[in-house]
Amino acid sequence: MNIEIKNIIESYLLETTSDENINPREISKEGYIEVQKTTNELHGDYYSNIAMKLSKVLKKNPVDIGEDIKKGLLGRKHPQIKNIEIKKPGFINFFIEDSKRASIVTDIIKNNNIFEKFKTKIKKNIHIEFVSANPTGPLHVGHGRGLIFGKTLSNMLRIQGHNVFTEYYVNNIGKQIDILSISVILSLIDLKRPFDDVDIYKGKYISTVANKLKLKYRDLLLIHKDSLSGNKVYESFLGSLKKDFNSYLVFRDTVIDIIINDYIKKDLEDLNVQFSNWFHESELIKDNFVYQILEKIKSKGLSYVKDGAVWFKSTKYGDDKDRVLVRANSALTYFATDIAYHSLKLDKYDHIINIWGSDHHGYVPRLTNALKGIGYDTDKMSIHLIQFANLYRDGEKMSMSTRSGEFITLKSLADEIGPDAINFFYINKKIEQHLDFEINTALSKDKDNPVYYIQYAHARIEKIIQKVSTDNLNFDDRELIDPKEQELLRLLNSYVQTIEQAMDTLQPQLITNYLYKLSQSFHSYYANVKIIGEEINYSRVSLVMAVQKILKNGLNLFDISAPEDM
RNA sequence: GGUCGCGUAGCUCAGCUGGAUAGAGCAUCUGGUUUCUAACCAGACGGUCAUAGGUUCGAAUCCUAUCGCGAUCACCA
């Protein structure tokens, strides 16, 4: 509708204006004529600021310009426009015909696939990587935000019609993984002595994993217990372990498999998250792929050798210091494999999305510059940094460190508050904002808890629908004259714009805000206006049916249930 | 110190591609169920949108500086 109005204004201006200061090409430019939904019903349904924009070029009072436009447009009889008002300092407010505004109700009820409206014209192959938590333990509440955001983004992009490929990047090599393996080994041989130079993982799951491996490895490990027990330093422990224990790598992979399958994948299943693929970092090394990329970097003159290590010249791009690609002990850094991983993705997809914790912010330019340096178009890559979420219970902040083992698993939170609440609260705030998550709010069963509030609206409507026959809905917009009905119609009319904006800017919280507002408006309506009286008012039934359908679609988008009974 | 994010009501936050009187929930106070689900509704109270400049018809929104909070500055990932 706003586009219709925009076109009406545009053609009027192009036809009538003879002022040489107005450039027709300028007027037709995308975004020059703005028509937006009003936020206040006194201002009609849509408004345009074009008069104020033109006042400068025309050197004329914007209200006068507005009056001219109003006169011109009303003289041309546009059937959908009921009235136009000019308000200071120069807004042109459009009032839409009631029947036109109310037609949204039947539009929604008849529409079998509401999301069809949001299909994109340009279909892309999109790769989206999220969670990618180190497989060193179960997912904890700190991982929840990236997880839910990633899932929701994938849902939204799929609704837009893109080919979406979701991937979990498994860091299955490196120091953290060695520490994990050693933590399990220490548990296996009951050697609970900490190292001087490194903290081991201490969570309960470590002994669970160890127990699972007991039969297979215990005897073997006991043989080496004495030779290992003399070491108090992690590096030498690992060294002798790797030398003595030639199946160390097999052991390490087994530990990771157990953690992924017994913990991480189950946690994800509970939240209805499936990945198209689990990509193991080690795959990048297998066929020397990383070394090919390193060679590429070298050939561009972007790396050099110093102190036995290979360095990337990141200072060339404004970094404080150059960064290591290959360590002096010839081990690859995460940075090196990551460049390889991203080049692989950029080769294959139209667009790649990474969802990372905000603690990676300093890393973003480094990676981007390295990729740009070897010739990739990094505009095809977008990185969403997510601020941390703090969990509170009774106003008290809860800790979440994987290493110490004193963390709350995502699973235990899901068990306590349910997946609906998890799905809602993690995306209800924009990702740049720190998130304080109070468990009591998610547990409360009243207005304090927006999830219940929205679901309750849905269930209430369901009860109404069950009481009437909806086979023959006589809808007459003239019956919807109550201000609260008009408010609901306004909201229904804005759902397309809201969801479009949320999808285009990848901001799911715009939709949850909208759903809450719609529920609020419905509850108020419900309390004040009788829908089923002596006689059934089918126009009102239709109206709330449309509301319910939008609520349900919105909730489903976030994997939140829309209960029919509460 | 450099970099990134954030400072909006007592609390938790919406709003930020510049628009008209800055909005919700909680808390506090006052009302409302013989009625389609009170897990609800109606009302009151509550604001120098951190501060100071700038940009312009118009700034919570954009720019600059300052202050405050958080994150980050590894041959960890």
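Quick caveat: nothing in here was measured; it's all calculated off a predicted structure. Proteins get letters first, then strands, A, B, ... in listed order; numbering begins at 1 in each.
A 3.5 Å limit on both hydrogen-bonding distances identifies B:A50 as the Watson-Crick or G-U partner of B:U66. B:C26: Watson-Crick or G-U partner is B:G10, with both key distances under 3.5 Å. Taking a pair to require two hydrogen-bonding distances under 3.5 Å in either a Watson-Crick or a G-U wobble arrangement, B:G1 pairs with B:C73. Across every strand in view, B:G19 sits in a pair with B:C57 that passes the Watson-Crick or G-U test at under 3.5 angstrom.
Proximity note for A:W311 (side chain, C-beta onward) versus B:C76, B:C40, B:C75: the nearest is B:C75. Closest to the side chain of A:A328, from the set B:C26, B:A77, B:C75, is B:C75. For A:N134, the side-chain atoms get nearest to B:A77 when compared with the rest of B:C26, B:A77, B:C4. For A:Y453, counting side-chain heavy atoms from C-beta on, the closest listed nucleotide (B:G70, B:A77, B:C41) is B:C41.
Distances shown here put a side-chain N or O of A:S524 below 4.0 Å from the OP1 or OP2 atom of B:A42. Dashed line: the shortest gap from a side-chain N or O of A:Q509 to OP1 or OP2 of B:G15 is under 4.0 Å. For the pair A:R460 and B:A38, the criterion of a side-chain N or O lying under 4.0 Å from OP1 or OP2 is met. Residue A:K447 places none of its side-chain N or O atoms closer than 4.0 Å to OP1 or OP2 of B:A39. Phosphate contact (OP1/OP2 of B:A14, side-chain N/O of A:Q433, threshold under 4.0 Å): present. The phosphate of B:C76 has OP1 or OP2 within less than 4.0 Å of a side-chain N or O from A:R327.
Note on ring orientation: taking the six-membered ring where Trp is involved, the planes of A:Y525 and A:F522 are perpendicular (angle over 60°, cut-offs 30° and 60°).
Closest approach of A:L371 to A:I339, counting heavy atoms only: CD2-O, 3.7 Å.
Nearer to the 5' terminus of RNA chain B, by closest-nucleotide assignment, is the contact made by A:Y46 (compared with the other of A:Y525 and A:Y46). Across the interface with RNA chain B, nearest-nucleotide mapping of A:T38 and A:K467 shows A:T38 to be the residue nearer the 5′ end.
Classified by its glycosidic torsion, B:U33 falls in the syn category, the angle being within 90° of 0.
Between the side chain of A:N513 and the base of B:A24, no donor-acceptor pair of N or O atoms lies under 3.5 Å.
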